[in-house]
Structure formats: C-alpha cells, structure tokens
Amino acid sequence: MINIEEFQALGLTEVTLKAIREKGFETPSPIQKLTIPNLLRDENDIIAQAQTGTGKTAAFGLPILEQIEARQGQPQSLVLVPTRELALQVMEEILSLNRKKISIAAIYGGASMSEQLRRIHKGIDIVVGTPGRILDHIRRETIDFSALRWLVLDEADEMLDMGFIEDVEEIMAATNETKRTMLFSATMPNRIAALSKKYMHDTEILRVDAGQITTDLTDQIYFEVREADKFDALTRIIDIEPDFYGIVFAHTKVGVDEMVNRLIERGYAAEGLHGDVSQAQREKTLKKFKKKLVNILVATDVAARGIDVNNLTHVINYSLPQDSESYVHRIGRTGRAGNEGTAITFISPSEYRRFAAMRKAVKSDIRKEQLPSAEDIISVRRQKIMDELQTVVTGEGLVDNYHTMAAEILNEYDPATALAALLKMAFKNDLEHDNYPEIRSFSVDRKGTARLFIAVGRFDGFTPGKLVEMLKRETGLYDKKIDDVRVLDSYSFVTVPFKDAEMVTKKLNRLSHTNKPLAEIAQEAGQSDNNDPRPAGMNRKKRPVDPWERPGAKNRDKGEPWETDDQWVTTPRKPRPADEWDHETMPPRKSRATESSDHWATDAREQWTTAPRKSQSTEGQDYWAKAPRKSRATDGRKARPADSRKPKDRRPAAPQKGRARTKRK
C-alpha cells in the first residue's frame, strides 16, 4: 500500500507525488528521508552514506526535478557514475520520475561521439555520465558546465576502486564554484573523505544508522564448506530453490569461466561476466539475464558493478569478499525495492577467521546454516512435479491425442510402471541421490585465538617477560589474554584472542619507525604448502632478506635450528680454522687437459700450475688461498713441476674486506 503522506511530509509537490504514485513507491527509504528534505530546504553540500539499492537515485533525483528549470540551453545538473550500465539505469530512473519535460541524456564511453555532440548542441538539462567521457568533452570544450547548479557523485567508492578518482577531481576543478555538490557512497574510504574536504564546502554528513548498513530485507546466512565441495554446495542451493534467480561472485576471470562451464554441463542456464568480456557481449549477457533467459550470472566484483536488478532472489559469495566493503556491495544487490532476498556465503576452513573479522566489521547478523541434504532436494523436486502435474490436469492443455496415446500405453504396460518410465524420461536423473555427492563436514577452531608474528626478538633486548609487559603497556591486553609467548633471536610469536588481534597489530605497527609492519597475523597451518606459520614472503629453505629489518638489528637469524612450527632460523656454516687449509689434504681437482678426460688427475701434476684461488669459506670471510690450477698453455710450454709449489704449511692471507670476489680466467 502506497503511503503518500510520508512522501508529502518530505516537502515534495503534487506533480512529484503523482510520479511517485505511478512508480508504485510505498514508503520512502531511510536515505530518502534524510536527503530529500535537506536538498529541498538547504543550500549546503552533503555526503550521504548508504548501501547500493536503498533508493539513492530517487533521493537526489526527486529534489533536482523539483527545482530544475527546463530548456535552459546548458547543463544544470551533472551526475557522475562509475559504469555505462549504471549511467543508463540512472538516466532511465530519472526519466521515469520526470513530469516537467526535462531533457536528460547519458554520456559515456563506447557510444557514438557524433550523436553525443548532437544532443549536447541541442541542449541537455541533466547529464548522466562516466568520468572518462565527461572529461573528454571538457578537454575538447564541447560541453559547458559554467551554469551547473548540482553535481552528484554516485557510487563514489566504486569510482575510487576503478581508478577514476583523478578524473573526478579534474572534473570537479573544471566546474563552477557556485554549484552544490552531493556525494553518495556505500563506504567512506580515506581518499573519498580527502576529496570532499578539498572540493566541498559547508558539508553535512547524512548517514544511515550503522545497524542498517545491510538491508533488513536481506537474509544473511553462511555455510561451512571445504574448498573442493563448494561447487556441489552451490548446485544444492540452486536446486533447493524453486525459482532461483541470482548472482554468484568469484574472485578471478578463470574462476568465472570454469564455474560457468561446469554449470552449463550440469544443465543450468548460466552466463559469466568479467573484465575480458567485451562491451557488446556484456550488454547482450545482461539483457538475457534481466529477461530471465538465464537465471544464474557468475561475475567478478569489478564486472558486477553497475548491475541493477531489483528482483534478485539470491546473492552467493562463492569466494569470500576481500573486505567488509566488498561484502556490503555484493549483498546490496538483493533485498531491493521492497523485495526480500538471501545472501549466502561459503566459508572454507582457511577463510573462517577472515570471515569472523568481516562479520564484526559489517555489524550484521550472519547466521550459520546446514546445507540441504539430497533427500531435502529430491523432496522439493517431487513436490514441484506434483504441482505442475496438477496445473496441467486442471487446465485445458490436454487434447485428444494425449488421451489416445495414454490409452495405448496403459494397454501395453502396468499403469505404475508406465508412469514411472515416463517420469524417468522427462526428468532423467534429477530424482536420483547419485546426483548429489556427499559433502564432508569439518570443524573450525572456535576458541577465537590468533597467532601473531612480532618483528622483535632477543637481539632487540626482549625476553618473554619484557614482551608481555610491552604488549600490556602498548595494547592494553590483560595477562590472561596473552598466551604461548616464544621469543627467538630476531622475532617472536604470541597468541592473543582473535577479536583483539587486529587491534593489537594496528597499535604495534604505529610504533614502527619504518614502512615495514612490526606485527602481523601469522599464517595458519594448511594455508600454505609448507604449513609455515610465518607471514607470507619468508622462505623456510634458505635465509631470507628480513622484510621486518629494524635499524641497529644486525646478524639476525643465526645460531638456532628449526625446532617447532613457531620457529624459523638458520644454522650458519662455521669457517674452517686456518691451519686446516692444507693443500696436500684438499682433494685434487678434475683434470681438464683434454675433452675426453673424465678421471681425477692425480698422476698428471705436471699439467697443473699454481694460481690463487678463492676459498669456499663463508660468513663474510674473504680468504685467498693457493690451489693448483690447470695450465692453459697450448704452445708447447712446460708446466711447472709439482715440487716447485709453495710449502704445504703455507697459511692463507688475512681477510681483505671490500676486495672483489672475481674468478681468474
């Protein structure tokens, strides 16, 4: 039921209320209640923070349509959006609310430049465009924004993610200073906040309550599934829903293509979107999806931006989002325009702790559920068959030909056998348990602890007691929250409650005097090939360049062997004492007198001559020793005899620092 009084209380006129009645809006959304009165009453700039799909287009579109004057010859309003699809959708939404014959056009890349120039010269009141093409027109001086009254930045955080923020800054600098700027964003990254401070004045922030960051119409659940079982879990979700219509998110282009191919092989109607899909193919795919010719769209985060479909039943996070902001953007595509939806996230064992941190950040109730069993799915399918059968029986679709054929079949076969055979022919193996392989369960460590890597150790003067005191002083942790402290030569490990891990790392990293982190959450066993708990980038097999090197900490990682999973150090080779370097005890080198020589030349000493050879000692020592060397003389000259060598008790020279280690040729 349309509650027109609530819209009227926002200050809208009767002309606009008529458009709202025709659109079928029931009640204003929270962001509309905050934004519309402000834009109609005040003159200051605003920042409105609300997720995708909460009615932001109407929130700024209705006030602009209320106040704009038609046919002024120059654009009075500019709406910047990140993608072509969103530009077209915003334009269509504003056109559907327009009752003043306002001229509205979408200006975006990939469209005909000559057609856009024709529209501009004819006169446009509201321009909806992408940053790249709008900036192109500004540089060509083919569009004049000197009379601009409203500038709207829609989905500002997505424009930042797509690399358009520099173009946006240039556009804002090229427009007149008297305009009113409105910035709409689901999240508020630091770069967007800096942009608002630089180009916006007397700014008022309108923010939907933090508890409403994710819409109440979206049911958020998650399933604990092993990585190898995720695809089978996805097919169960699709099959259990009689009218599944949703988007499945994957991380990579290859992942999208593989999933689409597997779904098509299973008989599902699926299409994919990612960065390598051409614009023409993208538009064709979206058209098929909106017409429900395909009911499953597999996409990456970037490719899914700008998709605006109000009646999605499901959004499935096949791969865990990178952060809480991506999660908000993803699930915001369901539960829109008054429709209920379901957001499903698959969690593998290695993703659980990252998911726990994300759930805490979005401040939303994401409940755990069990995957439907094969019996549940088959029961749903049977019921669907019965419902469809009843519809056909009670309808008028049966003609005499079907009755005649039915009579012939019943004359030949038992009725139950004949009907079972027809069902198998019609539904093949859809009602068999073998279609749904067993999905293994796993247990998650729910003790809520995290292992921290801290880049200080004994060489920095720390002991377990001193490290605990430092943690208590700098982070405010209690003794009982600090466990399993191990202090090694150059770094340490400590276990803290998982909910405090992020806070601890942030506070400790503020103490670092370099750009390198002082503390990080160590890898969990099973997350890498060697089950190494250290942060990524450190190699167990050889001594790494320490990425957490601190000033004054030298000669790290020496003297201790690998003992536990919390430890990684190397055992340095010790240089041999000088008196052990006896040339008579060294093994003879392989003879290279001829190409066919493949023996140890112990009897051909006359073929060798004395030449300095660098020792194989380590740890920075640069000894030079005398060793036999093969003579390269080929003109008949005789090699020096063996008895002309230096005495066998010759000691190597003292180390010479800085001398180049070059091999004599």
Side-chain angles (χ1 to χ4, degrees), residues 219 221 223 225-226 228-248 257-272 285 287-298 311-314 316 318 339-342 344 346 369-441:
D219 185 21
I221 60 180
F223 298 103
V225 185
R226 295 180 185 273
D229 295 330
K230 281 188 176 181
F231 184 78
D232 290 326
L234 173 64
T235 58
R236 291 194 181 195
I237 297 299
I238 296 173
D239 290 343
I240 198 69
E241 297 292 337
D243 298 308
F244 183 91
Y245 180 49
I247 300 177
V248 182
D257 290 336
E258 290 179 351
M259 196 186 310
V260 170
N261 291 335
R262 294 180 70 181
L263 287 170
I264 292 175
E265 289 174 358
R266 291 277 190 101
Y268 300 101
E271 291 282 354
T285 299
K287 187 175 181 180
K288 291 169 64 177
F289 185 62
K290 290 181 178 180
K291 290 184 176 181
K292 294 190 177 182
L293 299 178
V294 295
N295 66 321
I296 305 170
L297 182 65
V298 186
N311 54 345
L312 291 179
T313 62
H314 288 75
I316 296 183
Y318 190 89
N339 299 314
E340 295 184 357
T342 303
I344 294 175
F346 293 143
E369 291 288 350
Q370 296 294 327
L371 283 169
S373 64
E375 291 78 9
D376 296 334
I377 299 171
I378 292 173
S379 176
V380 169
R381 289 198 163 191
R382 286 173 177 169
Q383 186 60 46
K384 185 177 181 180
I385 292 172
M386 295 298 294
D387 293 340
E388 292 176 354
L389 178 62
Q390 183 177 3
T391 302
V392 174
V393 169
T394 57
E396 298 179 357
L398 294 175
V399 294
D400 293 339
N401 289 340
Y402 289 105
H403 287 288
T404 303
M405 188 174 181
E408 294 175 356
I409 292 174
L410 293 177
N411 288 334
E412 293 288 335
Y413 305 100
D414 176 71
T417 303
L419 184 57
L422 287 173
L423 287 172
K424 183 173 179 61
M425 290 173 58
F427 300 101
K428 297 182 172 58
N429 299 324
D430 290 350
L431 299 179
E432 295 185 4
H433 287 76
D434 294 342
N435 282 341
Y436 304 99
E438 180 184 0
I439 295 180
R440 298 165 295 168
S441 61

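Counting from 1, the numbers follow the sequence of the chain as shown.
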(message) Under 3.5 Å, is there a donor on one side chain and an acceptor on the other for Gln383 and Asp387?
(response) yes
(message) Classify the ring geometry of Phe346 against Phe223: parallel below 30°, tilted from 30° to 60°, perpendicular beyond 60°.
(response) tilted
(request) Specify the closest pair of heavy atoms between Val294 and Tyr245, including all atoms of both residues, with the distance to one decimal. (result) O-CE1, 4.1 Å
(request) Provide the closest heavy-atom pair for Leu312 versus Gly246 in the form atom of the first, atom of the second, distance. (result) CD2-CA, 4.0 Å
(request) Could you give me the CA-CA distance, side-chain angles and deciding distance for Leu263 and Ile238, then say whether side chain to side chain contact (heavy atoms under 4.5 Å, CB included) is met? (result) CA-CA 11 Å; Leu263 287 170; Ile238 296 173; 4.2 Å; yes
(request) Decide if atom CD of Gln370 counts as having more than 12 heavy atoms of other residues, nucleotides or ligands within a radius under 6.0 Å. (result) no
(request) Step through the shown structure and confirm whether more than 12 heavy atoms of other residues, nucleotides or ligands are within 6.0 Å of CG on Asp414. (result) yes
(message) Return the CZ to CD1 distance between Phe289 and Ile247, rounded to the nearest 0.5 Å.
(response) 5.0 Å
(message) Once rounded to the nearest 0.5 Å, what's the spacing between atom CG of Asp219 and atom CD of Glu369?
(response) 8.0 Å
(message) Quick check on side-chain contact (heavy atoms from CB on, under 4.5 Å): which of Thr285, Leu293, Ile296, Val298 does Glu271 satisfy it with?
(response) Thr285
(request) Write down the atom of Leu234, the atom of Val248, and the distance for their closest heavy-atom approach. (result) CD1-CG2, 4.1 Å
(message) Measuring only between side-chain heavy atoms, which start at C-beta, is Asn295 closer than 4.5 Å to Tyr268?
(response) no
(request) Report the distance from atom CD1 of Ile377 to atom CZ of Arg236, rounding to the nearest 0.5 Å. (result) 5.5 Å
(request) Provide the closest heavy-atom pair for Ile264 versus Ala270 in the form atom of the first, atom of the second, distance. (result) CD1-O, 3.9 Å
(request) Would you check if Asp376 and Ile240 make a side-chain contact, meaning some heavy-atom pair closer than 4.5 Å? (result) yes
(request) Quick one: pull up CZ in Arg382 and CG in Leu423 and give me the separation to the nearest 0.5 Å. (result) 10.5 Å
(message) Distance check, rounded to the nearest 0.5 Å: Glu388 atom CD versus Thr391 atom OG1?
(response) 7.5 Å
(message) Using every non-hydrogen atom in the two residues, find where Ile237 and Pro372 come nearest and quote the distance to one decimal.
(response) CD1-CD, 4.2 Å
(request) Flag the pair Glu241 / Thr342 as yes when at least one side-chain heavy-atom distance between them is below 4.5 Å, and no otherwise. (result) no
(message) Measuring from atom CD1 of Ile385 to atom CZ of Arg381, what distance do you get when rounded to the nearest 0.5 angstrom?
(response) 8.0 Å
(message) Tell me whether Asp232 is salt-bridged to Arg262, with the criterion being a basic N under 4.0 Å from an acidic carboxylate O.
(response) no
